[in-house]
Amino acid sequence: MKVFLFGVLFLGLVLMQLEVNAQGIGVRAGYQTASTTNNGNQVAGSLGSFYLGGYKNIKLGVGDLLRLNTGLEYMQNGHRTNDANFRSINYLSIPLGLRAKLGPLYAQGGINANFKIGEKYEVNSQSVLNDTNRTSSFDMPVHIGVGFRLFVIDIEARYHYGFMDVNNGNKNSYLQIGAAFGF
């Protein structure tokens, strides 16, 4: 009898978790490597950082095949030669995309609206940021990605490619690898 009650309780908790995940909200975080290109050539080295944000998946149509994906994220773009020579640009990003799901696997693609909230530019450990070399306050990269669901955690990778000139021909690109947890 105890085993039966434990089984019913366990099944009930699992079903409650599935119902909560059906709401499609959660948090995502992970590692990001960013680079800056100018005329197709990489400027300095890559800048490693983290990203953190929340998301919302909205079902489109019947079933679970297609969803609209949006959210709000914090991240850093830029480039780094070494600790004394780098540019880091802090952004709040609003991604908007479509997610196609097939079993535990999914693919996604869309566009991001990135709003600059801060910037550092140092050469030989001295700030050289001024009005003539400041990065624009807005960027709009496109992204593609893949992921898979492992119980209640999504493991995913997204590549973002910037088409907009954010500073004297410079464009942002970045790769995110991380996890998302749905509520």
Subject >> Under 3.5 Å donor-acceptor, Gln32 side chain and Gln76 backbone >> reply: yes

Subject >> Whether Asp131 side chain and Arg134 backbone form a donor-acceptor pair below 3.5 Å >> reply: no

Original post:
Counting only heavy atoms not in Leu150, do more than 12 sit closer than 6.0 Å to its CG atom?
Top reply: yes

Subject >> Residue pair Arg87 / Thr135, side-chain donor-acceptor N/O under 3.5 Å >> reply: yes

Subject >> Check: Asn167 side chain, Asn133 main-chain N or O, donor-acceptor pair, under 3.5 Å >> reply: yes

Original post:
Would a line drawn from the ring center of Phe148 to the ring center of Tyr106 be shorter than 6.0 Å?
Top reply: no

**OP:** Evaluate whether atom CG of Leu129 has more than 12 neighbouring non-hydrogen atoms of other residues, nucleotides or ligands under 6.0 angstrom away.
**Re:** yes

Original post:
Would you say Asn82's side chain and Ala84's backbone share a donor-acceptor pair under 3.5 angstrom?
Top reply: yes

Original post:
Within the distance-only criterion (no hydrogens, no angle test), does the side chain of Asn38 pair as donor or acceptor with the backbone N or O of Asn168 below 3.5 angstrom?
Top reply: yes

**OP:** Please work out which of the three classes, parallel, tilted or perpendicular, describes the rings of Tyr121 and His79, given edges at 30° and 60°.
**Re:** perpendicular

**OP:** Please lay out, stage by stage, how Asn112 and Ser93 fare under the test side-chain hydrogen bond (donor to acceptor under 3.5 Å, both in side chains).
**Re:** CA-CA 6 Å; Asn112 292 38; Ser93 178; 3.1 Å; yes

**OP:** Taking only Lys NZ, Arg NE, NH1 and NH2, and the carboxylate oxygens of Asp or Glu, determine whether Arg149 and Glu156 approach each other closer than 4.0 Å.
**Re:** no

**OP:** Quick one: pull up NZ in Lys101 and CG in Leu65 and give me the separation to the nearest 0.5 Å.
**Re:** 9.5 Å

**OP:** Rounded to the nearest 0.5 Å, what's the gap from NZ on Lys120 to CZ on Phe86? Could you check?
**Re:** 5.5 Å

Subject >> Atom pair CG/CZ of Asn57 and Arg99 - distance to nearest 0.5 Å >> reply: 4.5 Å

**OP:** State the NE2-NE2 distance between His143 and His160, to the nearest 0.5 angstrom.
**Re:** 5.5 Å

Subject >> Separation of Met164 CE from Phe138 CZ (nearest 0.5 Å) >> reply: 6.0 Å

**OP:** Would you check if there is a donor-acceptor pair between the side chains of Tyr91 and Asn77 at a distance under 3.5 Å?
**Re:** no

